[in-house]
Asks: 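Next up is a structure, given as structure tokens.
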Amino acid sequence: MFSYLKNKKDNKRRSQYIDEVKIFIQVHFVRERSNEKYNPLTLKTDPERDACIEWYNQHGNPDSFSDIVMIYLNEKNTTIENIASAYKLDSDILSNKNNPFTISKGYASAICLGLHLNFSETKALLNKAGHALTNSSEADLIIRFCIENGIYDFGDIEYLLSMICDTNLKELV
């Protein structure tokens, strides 16, 4: 009985998210022209971006994705295993099996979500992994919407990606 009520509550919340995400996508979606990447204008002042830059400065400007993740894990008092479990990732995600180390956009995004990073922190960390969230991808905009609205629940994120883009977090490209 309790499970039924919880699922009903989750479905109602997720349905509301669907409506909000569709509006968010309509406002932010920009198609890329030819091969040029969309380059948004930078705001003169952005407290989140300024705080992110300061964080990097305070930590010696680390440039390795895995080093930065390890610092965040330490500060947030969690482990990569906790994030891997919550987001259904391989627990050895940060091991350096590949040389040079590479991580998929979906896995990198899941780590950002698992760390509950804000949008500026997510952009900076994804950049270190060679990825970016664009305004020309509905899936990217869904991830951005979730981050900007503090939606970090794996089930909610997967539901939105599935219902709107017919994809999941691991398949982000």
Side-chain angles (χ1 to χ4, degrees), residues 2-3 5-29 46-56 59 62 65-94 103-135 137-173:
F2 178 72
S3 175
L5 293 176
K6 183 180 181 328
N7 287 340
K8 189 173 180 179
K9 183 179 175 183
D10 286 347
N11 289 341
K12 183 177 180 181
R13 183 183 71 247
R14 290 174 179 165
S15 292
Q16 182 179 354
Y17 287 162
I18 291 280
D19 295 337
E20 293 173 6
V21 166
K22 286 181 178 179
I23 292 168
F24 186 87
I25 289 171
Q26 287 176 350
V27 170
H28 293 88
F29 188 80
D46 179 356
E48 266 189 10
R49 186 187 67 229
D50 295 343
C52 182
I53 291 168
E54 180 63 25
W55 185 91
Y56 275 81
H59 292 86
F65 178 85
S66 56
D67 289 345
I68 296 165
V69 169
M70 296 310 288
I71 295 168
Y72 276 125
L73 289 169
N74 186 41
E75 287 184 352
K76 295 182 182 277
N77 199 26
T78 190
T79 65
I80 195 65
E81 291 79 14
N82 290 343
I83 293 173
S85 174
Y87 286 84
K88 309 215 183 330
L89 307 172
D90 299 330
S91 60
D92 62 348
I93 191 161
L94 292 181
I103 187 167
S104 73
K105 183 176 184 176
Y107 273 56
S109 297
I111 290 172
C112 293
L113 290 161
L115 290 168
H116 293 214
L117 300 182
N118 66 37
F119 187 58
S120 291
E121 294 165 338
T122 298
K123 285 186 349 183
L125 186 55
L126 287 177
N127 182 283
K128 296 296 183 183
H131 303 292
L133 296 176
T134 70
N135 285 353
S137 163
E138 288 182 340
D140 286 0
L141 286 169
I142 290 169
I143 299 302
R144 178 178 169 188
F145 172 86
C146 290
I147 291 167
E148 289 183 3
N149 289 282
I151 301 168
Y152 296 104
D153 179 76
F154 176 73
D156 292 344
I157 296 163
E158 287 285 286
Y159 180 82
L160 293 170
L161 288 168
S162 172
M163 295 302 291
I164 295 175
C165 302
D166 194 30
T167 192
N168 64 49
L169 195 52
K170 289 183 185 178
E171 294 175 353
L172 287 183
V173 289

Asks: Taking the side chain as C-beta and beyond, is there a heavy-atom pair between Leu117 and Lys76 under 4.5 Å?
Replies: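 Yes, side chains in contact.
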Asks: Quick test of your reading of the model: are Lys128 and Asp67 salt-bridged, counting only N-O distances below 4.0 Å?
Replies: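 Salt bridge between Lys128 and Asp67, a charged N being under 4.0 Å from a carboxylate O: no.
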Asks: Which atom pair, heavy atoms only, marks the closest approach of Ile142 to Cys165?
Replies: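 Where Ile142 meets Cys165 most closely, the heavy atoms are CD1-SG, 3.6 Å.
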Asks: Which heavy atom in Leu73 sits nearest to a heavy atom in Thr79, and how many Å separate them?
Replies: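 For Leu73 versus Thr79, the nearest heavy atoms are CD2-C, 3.7 Å.
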Asks: Looking at Leu169, Asp166, Val21, which hits side-chain contact (heavy atoms from CB on, under 4.5 Å) with Leu161?
Replies: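 Looking at Leu169, Asp166, Val21, the match for Leu161 under the side-chain contact (heavy atoms from CB on, under 4.5 Å) is Leu169.
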Asks: Say you draw a straight line from CG of Asn168 to CG of Leu160; how long is it, rounded to the nearest 0.5 Å?
Replies: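 The distance works out to 13.0 Å.
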Asks: For Ala108 and His131, work out which heavy atoms get closest and say how close.
Replies: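 Smallest interatomic distance, heavy atoms only, reads CB-CD2, 4.4 Å.
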Asks: Which value, rounded to the nearest 0.5 Å, describes the distance between Glu138 atom CD and Lys22 atom NZ?
Replies: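 Rounded to the nearest 0.5 Å, the CD-NZ separation comes to 9.5 Å.
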Asks: Once salt bridge (charged side-chain N to carboxylate O under 4.0 Å, His left out) is applied, what residue pairs with a partner in residues 142-165 remain, sequence neighbours excluded?
Replies: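 Applying salt bridge (charged side-chain N to carboxylate O under 4.0 Å, His left out) to every pair that reaches into residues 142-165, excluding sequence neighbours, yields Arg13-Asp156, Arg14-Asp153, Arg14-Asp156, Arg144-Glu148.
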Asks: Working to the nearest 0.5 Å, report the span between CG of Asn118 and CD of Glu48.
Replies: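 Spacing of CG (Asn118) from CD (Glu48) equals 3.5 Å.
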Asks: List the steps and the verdict of side chain to side chain contact (heavy atoms under 4.5 Å, CB included) for Tyr72 and Thr78.
Replies: CA-CA 9 Å; Tyr72 276 125; Thr78 190; over 6 Å; no
Asks: Going by atom types only, do Glu75 and His59 share a side-chain donor-acceptor pair under 3.5 Å?
Replies: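 Per modelled atom types, Glu75 and His59 side chains form a pair under 3.5 Å.
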Asks: Check side-chain contact (heavy atoms from CB on, under 4.5 Å) between His116 and all other residues, then give those that pass, not counting sequence neighbours.
Replies: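 For His116, the residues satisfying side-chain contact (heavy atoms from CB on, under 4.5 Å) (neighbours in sequence not counted) are Tyr152.
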Asks: Nearest 0.5 Å, what's the CH2-CD distance between Trp55 and Glu121?
Replies: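 The CH2 atom of Trp55 sits 8.0 Å away from the CD atom of Glu121.
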Asks: Identify which one of Leu115, Ile143, Ile111, Leu133 satisfies the side-chain contact (heavy atoms from CB on, under 4.5 Å) criterion when paired with Thr122.
Replies: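 With Thr122 as partner, Leu115, Ile143, Ile111, Leu133 yield a single side-chain contact (heavy atoms from CB on, under 4.5 Å), made by Leu133.
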Asks: Ignoring hydrogens, what is the shortest heavy-atom contact between Ser137 and Phe29? Give both atom names and the distance.
Replies: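 Closest heavy-atom pair between Ser137 and Phe29: N-CE1, 3.9 Å.
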Asks: Minimum heavy-atom separation for Gly114 and Tyr87, please, with both atom names.
Replies: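 Taking every non-hydrogen atom into account, CA-CE1, 3.3 Å.
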Asks: Using a cut-off of 6.0 Å, state whether more than 12 heavy atoms not belonging to Asp19 lie near its atom CG.
Replies: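 Buried by this count: over 12 neighbours within 6.0 Å.
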Asks: Just grab all the ring pair (Phe, Tyr, Trp, His ring centres under 6.0 Å) pairs involving residues 7-26, residues at least two apart or on different chains.
Replies: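 Counting only pairs at least two positions apart or across chains, the ring pair (Phe, Tyr, Trp, His ring centres under 6.0 Å) contacts touching residues 7-26 are Phe24-His28, Phe24-Phe145.
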Asks: Where is the tightest heavy-atom contact between Ala86 and Phe154, given as atom of each residue plus distance?
Replies: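 Minimum heavy-atom contact is O-CB, 3.4 Å.
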Asks: Taking atom CZ of Phe65 and atom CD1 of Ile103, what is their separation to the nearest 0.5 Å?
Replies: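 Between atom CZ of Phe65 and atom CD1 of Ile103 there are 4.0 Å.
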Asks: To the nearest 0.5 Å, what is the distance between CG on Asp140 and OG on Ser109?
Replies: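 Nearest 0.5 Å value for the CG-OG distance: 7.0 Å.
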Asks: Does any non-hydrogen side-chain atom of Ile164 lie less than 4.5 Å from one of Ile18?
Replies: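 Yes, their side chains come closer than 4.5 Å.
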Asks: So does Leu89 get a backbone contact from the side chain of Lys170, meaning a donor-acceptor N/O pair under 3.5 Å?
Replies: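 Answer holds: no.
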Asks: Taking the side chain as everything from C-beta on, heavy atoms only, tell me whether Leu172 gets closer than 4.5 Å to Tyr107.
Replies: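 No. Closest side-chain heavy atoms not under 4.5 Å.
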Asks: Would you call Asp46 and Phe119 a side-chain contact if the rule is heavy atoms closer than 4.5 Å?
Replies: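 Asp46 does not reach Phe119 side chain to side chain.
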